Number of protein chains: 2
Amino acid sequence: MRAALEAARTSRDEGGIPIGSVLVHRGVILGTGHNQRVQLGSTVLHGEMDALENAGRQAAEIYRESTLYTTLSPCAMCTGAILLYGIPRVVIGENRTFLGEEALLRERGVEVEVLQDPDCIALMEAFIAEKPALWHEDIGE
Amino acid sequence: MRAALEAARTSRDEGGIPIGSVLVHRGVILGTGHNQRVQLGSTVLHGEMDALENAGRQAAEIYRESTLYTTLSPCAMCTGAILLYGIPRVVIGENRTFLGEEALLRERGVEVEVLQDPDCIALMEAFIAEKPALWHEDIGE
């Protein structure tokens, strides 16, 4: 989660949306990513998606032994990607500022752990207060 | 759907996975895309995602008046993207070769229409017969 938080802070320092993620297989980081809406004008590269993209093409067995760490509760799109690849465990920095599709993940058998990490919460609270329109765009509102 | 099928055939001709999609707002195509697993080594750019990416950053109101056309039933990831952006209508070429998360879309109020188009079915059947490992990789199997 430290690596995910670092990616989120990098994104913030670039003027982007401060959400970061890492895909980890047996203790090894396969891919690190952060939201790319501002940096690349991307509508699909949320932090989790960027981590999956940067991990590159992996065999199904690899995903099925991996854990996705993300600083914020995953939205419907990122939840769907987790389900597509059968990632069995998701560790979430916080869901106070945004509650994604955790119920759907659990319903489909994914292990979900929410840390309510004060640093993750503070990062998002500061961002939402500073750039509410950008934040709403990112979650389709 | 003709434009989506054309994108799918372009992808096939490039050696890629033959699934195409277009996002349409009030009769105007905002973005066209096809699966980019082979062409870009992408794990997140399914046809639908590529169309959304190519449509660029749009206001929430635009998505909410748009229709997504896709040659194949949308997987969990693409379904999640449709839900994130609140796209109210999805027109699907076929779901014979792969049945995605249509039930979830309908449950969340999305209008889903399945054409069972013979050209879409033939395209996927030929691809799956020719490159089964690539196809399974694309759907996380």
Side-chain angles (χ1 to χ4, degrees), chain A residues 17 21 23 30-31 33 35-64 66 74-88 98 100-101 103-105 107-108 110 133-141, chain B residues 17 21 23 30-31 33 35-64 66 74-88 98 100-101 103-105 107-108 110 133-141:
Chain A
I17 299 176
S21 178
L23 182 67
L30 296 180
N35 188 295
Q36 298 280 10
R37 182 170 296 269
V38 169
Q39 293 92 329
L40 301 180
S42 176
T43 60
V44 306
L45 291 175
H46 276 186
E48 300 90 324
M49 306 294 283
D50 195 41
L52 285 166
E53 186 72 335
N54 290 333
R57 291 169 58 177
Q58 301 285 342
E61 311 84 77
I62 300 294
Y63 293 115
R64 287 179 188 168
S66 292
C75 79
M77 173 174 68
C78 299
T79 293
I82 292 160
L83 296 175
L84 168 66
Y85 288 115
I87 297 168
F98 175 78
E101 295 275 353
L104 180 61
L105 285 171
E107 187 188 310
R108 300 287 181 98
V110 177
L134 179 59
W135 170 234
H136 287 128
E137 181 192 320
D138 200 55
I139 51 173
E141 287 181 359
Chain B
I17 299 175
S21 178
L23 182 67
L30 296 180
N35 189 296
Q36 298 280 10
R37 181 169 296 269
V38 170
Q39 291 92 329
L40 300 181
S42 176
T43 60
V44 306
L45 292 174
H46 276 186
E48 300 91 322
M49 306 293 283
D50 195 39
L52 285 167
E53 186 72 335
N54 290 333
R57 292 169 59 179
Q58 301 286 343
E61 310 85 76
I62 301 294
Y63 293 115
R64 287 181 190 166
S66 293
C75 80
M77 174 174 67
C78 299
T79 293
I82 292 160
L83 296 176
L84 169 65
Y85 288 115
I87 297 168
F98 175 79
E101 296 274 352
L104 182 60
L105 285 172
E107 188 188 312
R108 300 289 182 98
V110 177
L134 178 59
W135 170 235
H136 286 129
E137 181 193 319
D138 200 56
I139 51 172
E141 284 181 359

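Just so it is clear: chains get the letters A, B, ... in the order the sequence lines come, proteins before strands, and each one is counted from 1. All values reported here derive from a predicted model rather than from experimental measurement. Just so you know, these numbers use all the heavy atoms, side chains as well, and skip hydrogens, waters and symmetry mates.
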With a 4.5 angstrom heavy-atom cut-off, which part of [X] approaches chain B: side chain, backbone, both or neither?
| X | value |
| --- | --- |
| A/Ile82 | neither |
| A/Arg37 | both |
| A/Thr43 | both |
| A/His46 | side chain |

Given that the side chain runs from C-beta out, which part of [X] has a heavy atom under 4.5 Å from chain A: side chain, backbone, both or neither?
| X | value |
| --- | --- |
| B/Glu101 | side chain |
| B/Asp138 | backbone |
| B/Leu40 | neither |

Query raised in the report: Do B/Met49 and A/Met77 have side-chain heavy atoms sitting under 4.5 Å apart?
Result: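 Yes, at least one pair of side-chain atoms sits under 4.5 Å.
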
Would the distance check show the side chain of [X] and the main-chain N or O of [Y] forming a donor-acceptor pair, the cut-off being under 3.5 Å?
| X | Y | result |
| --- | --- | --- |
| A/Glu53 | B/Val44 | yes |
| B/Arg57 | A/Glu137 | no |
| A/Ser66 | A/Leu23 | no |

Query raised in the report: Which of the residues B/Gly86, B/Ala60, B/Ala59, B/Ser42 is involved in the greatest number of heavy-atom pairs with chain A at under 4.5 angstrom?
Result: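 Between B/Gly86, B/Ala60, B/Ala59, B/Ser42, the count favours B/Ser42.
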
Requested in this report: Check B/Leu105 against B/Pro74 and note the closest heavy-atom contact, atom names and distance.
Outcome: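 That closest heavy-atom pairing would be CD1-CG, 4.1 Å.
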
**Report entry** Selection from A/Gln58, A/Arg64, A/Glu61 maximising heavy-atom pairs under 4.5 Å formed with chain B
**Finding:**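 It is A/Arg64.
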
Query raised in the report: Which one of A/Leu83, A/Leu52, A/Thr79 has the most heavy-atom pairs closer than 4.5 Å to chain B?
Result: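 When all of A/Leu83, A/Leu52, A/Thr79 are compared, A/Leu52 has the most.
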
